[in-house]
Amino acid sequence: MGDMTRFAAPAEPPVDSPADSPVGSPVDALALDEVVRFTSDLIRIDTTNRGGGDCRERPAAEYAAEALAAAGLEPLLLERTPGRTNVVARIEGTDPAADALLVHGHLDVVPAEAADWSVDPFSGEVRDGVVWGRGAVDMKNMDAMVLAVVRAWARAGVRPRRDVVIAFTADEEDSAVDGSGFLADHHPELFEGCTEGLSESGAFTLHAGPGPALYPIAAGERGTAWLKLTAHGTTGHGSKPNPANAVTRLAAAVHRIGEHRWPVRLTGTVAACITELAALQGLSVDPRARDFDLDAVLGKLGPAAALVEATVRNSANPTMLSAGYKLNVVPGQAVAYVDGRVLPGGEDEFRRTLDELTGPHVDWEFHHREVALEAPVDGPTYAVLRQAVERFDPDGRVVPFCMAGGTDAKQFSRLGITGYGFSPLKLPPGFDYWSLFHGVDERVPVEALHFGVRVLDHALRAL
């Protein structure tokens, strides 16, 4: 199964805290300093994932493992492919009968073109109270928060109620085959007892106009349905008529897919989000009512509508085309790729629609496929996450939402782990969090990291 290295703990493991209550946080000044330093250091370790296996996470994995070992843990380094390294460690809880909790973050980042940035994207520069660099938001900031919290617990002799499994993964920004997929398929024993997981893309501040700041917690993800389309035709001279032109057939199918208007399908998470957002605007709505007018309601939600606009339908966006080898030759085959996303329960509709849109001369297949997810928003776990955020920002309001894309929670769901997006950040007005994901000048305020450490500590001990 590739490399498996164990980092030995250099110190005695943490002892039980005087009380299991999250009251009396162990987060100290050192933890607040460390979360900034860890974020900056991890950014400086270039873990660019260009796809197709072109990435090396091992230096970042070793950094994280050393930080965990210094907190008295025994992290494992695991690889499917040399250099594509994952880190897993377990913190023993005080209640051996309790289910375990998974907290996971990925170590890889998407490419960054330095010429487009105001700073070196791998500098980790801290300037004017902001940490700059690729991964500052997605998601080395959360990795750093986890490390800071675990080390604060060790210094204070605190243990959580339930076992907490920490996982830092490779390859999330591509197929996850070297990361969470490898861990779930080949090392499920490391996640024994885990029933729930926390990871990226939730509990950040969204300033959506007048009224309280919002903190959306992800309780669902659309499924991944990346498609390869192949059109077949007759090869011929470019100067002659060709009614069986593969390029023409492919172009027609791509046009139909790109223009298709998918019907509205409201999942439980999205319906709950709409209901709560409307209530904050003084509106009483029932998304399940026969006469519910989605467009009218979204029009009244202002910027907050962005939380649901991408997740009320399945979607399919053409992204790549490939055909031909010479200008005056009609090729016999043409290929396109489509980024499809599928709502929970929407796969049958997605398949039927693609069959209709591609037509008789274009075949389609899944290039990469992962399940859609949905987590309860009316149970104790979501309630604890909500309370943790609102404890540290009493003026904020937590709402559930479904992510348009996906995370490693998809792979870990194979082990029966229910995932929530919870990487808390308190952001100032005007800070466009959404645009910084995979964007230029990615950065995170120092104060947002401090907030995140406090909220994450409270949530993990309360869970």
Side-chain angles (χ1 to χ4, degrees), residues 1-5 7 38-68 75-89 104-117 120-124 131-144 146-147 166-187 190 199-201 224 226 319-320 337 339 367-370 405-412 423 436-442 444:
M1 297 302 175
D3 179 88
M4 180 185 290
T5 305
F7 271 69
F38 292 159
T39 303
S40 181
D41 287 351
L42 286 168
I43 289 170
R44 285 198 290 270
I45 302 172
D46 185 348
T47 52
T48 298
N49 190 341
R50 297 174 181 83
D54 185 2
C55 185
R56 187 171 183 270
E57 292 93 348
R58 188 171 185 98
E62 291 177 343
Y63 180 97
E66 289 171 0
L68 292 172
L76 293 173
L77 299 183
L78 303 113
E79 295 180 344
R80 172 182 175 270
T81 303
R84 309 302 307 277
T85 314
N86 304 274
V87 184
V88 181
H104 58 100
H106 62 84
L107 297 169
D108 59 327
V109 297
V110 296
E113 185 60 53
D116 298 332
W117 285 57
D120 178 347
F122 298 101
S123 67
V131 185
W132 293 70
R134 177 60 86 215
V137 167
D138 186 16
M139 65 171 296
K140 290 179 175 179
N141 61 337
M142 175 63 169
D143 299 338
V146 173
L147 292 175
I166 307 296
F168 297 116
T169 63
D171 204 27
E172 192 274 347
E173 295 291 4
D174 192 26
S175 66
V177 67
D178 279 311
S180 57
F182 164 65
L183 293 177
D185 292 343
H186 296 284
H187 293 283
L190 298 177
S199 191
E200 63 181 315
S201 298
T224 304
W226 293 350
T319 56
M320 297 173 64
Y337 291 89
D339 184 340
H367 176 70
H368 177 66
R369 179 184 175 194
E370 282 294 346
T407 72
D408 280 334
K410 294 184 182 304
Q411 286 73 31
F412 287 123
S423 49
L436 297 181
F437 266 87
H438 298 190
V440 173
D441 285 345
E442 188 177 347
V444 62

### Query
What pairs with Asp46 under side-chain contact (heavy atoms from CB on, under 4.5 Å), at least two apart in sequence or on another chain?
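Asp46 satisfies side-chain contact (heavy atoms from CB on, under 4.5 Å) with Thr48, Phe122 once adjacent residues are dropped.
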
Might you point out which heavy atoms bring [X] and [Y] nearest each other, and give the distance in Å?
| X | Y | answer |
| --- | --- | --- |
| Pro75 | Val87 | CB-CG1, 3.9 Å |
| Gly105 | Asp143 | CA-OD1, 3.3 Å |
| Tyr337 | His367 | CE2-ND1, 3.9 Å |
| Asp138 | Val109 | O-CG1, 3.9 Å |
| Val146 | Phe168 | CG1-CZ, 4.0 Å |
| Lys140 | Arg134 | CD-O, 4.4 Å |

### Message
Could you check whether Asp339 and Trp226, counting side-chain N and O atoms only, form a donor-acceptor pair closer than 3.5 Å?
### Response
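Side-chain D/A pair, Trp226 to Asp339: present.
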
#### Entry: Presence of salt bridge, Arg84 and Glu57, under 4.0 angstrom
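Salt bridge present between Glu57 and Arg84.
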
Please round to the nearest 0.5 Å and tell me the distance separating atom [atom1] of [X] and atom [atom2] of [Y].
| X | Y | atom1 | atom2 | value |
| --- | --- | --- | --- | --- |
| Leu190 | Leu78 | CG | CG | 6.0 Å |
| His104 | Met142 | NE2 | CE | 8.5 Å |
| Ile45 | Arg56 | CD1 | CZ | 10.5 Å |
| Leu107 | Tyr63 | CG | OH | 12.0 Å |
| Asp441 | Leu436 | CG | CG | 8.0 Å |
| Asp185 | Ser180 | CG | OG | 9.0 Å |

### Query
Heavy-atom distance under 4.5 Å between the side chains of Glu442 and Phe437, does that happen here?
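The answer is no; the side chains never approach within 4.5 Å.
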
### Non-hydrogen side-chain atoms of Leu183 and Gln411 separated by less than 4.5 Å
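No, side chains not in contact.
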
### Query
Can you check whether Glu200's main-chain N or O pairs, donor with acceptor, with Ser423's side chain at less than 3.5 Å?
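Not confirmed, Ser423 side chain does not pair with Glu200 backbone.
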
### Query
Would you say Thr39's side chain and Ala144's backbone share a donor-acceptor pair under 3.5 angstrom?
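Judged by distance alone, no pair lies under 3.5 Å.
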
### Query
Going through the distances and angles, do Met139 and Glu172 end up as a side-chain contact (heavy atoms from CB on, under 4.5 Å)?
CA-CA 10 Å; Met139 65 171 296; Glu172 192 274 347; over 6 Å; no

### Task
Before giving the answer on salt bridge (Lys or Arg N to Asp or Glu O under 4.0 Å), spell out for Asp41 and Arg44 the whole-Å C-alpha distance, their side-chain angles and the decisive distance to 0.1 Å.
CA-CA 5 Å; Asp41 287 351; Arg44 285 198 290 270; 2.3 Å; yes

### Message
Checking side-chain hydrogen bond (donor to acceptor under 3.5 Å, both in side chains) between Asn49 and each of Asp108, Asp174, Asp54, Asp178, which is the one that passes?
### Response
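Result: among Asp108, Asp174, Asp54, Asp178, Asp108 is the only option passing the side-chain hydrogen bond (donor to acceptor under 3.5 Å, both in side chains) with Asn49.
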
#### Entry: Among Asn86, Val88, Thr85, side chain to side chain contact (heavy atoms under 4.5 Å, CB included) partner for Leu77
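So, applying the side chain to side chain contact (heavy atoms under 4.5 Å, CB included) to Leu77 and each of Asn86, Val88, Thr85, only Thr85 qualifies.
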
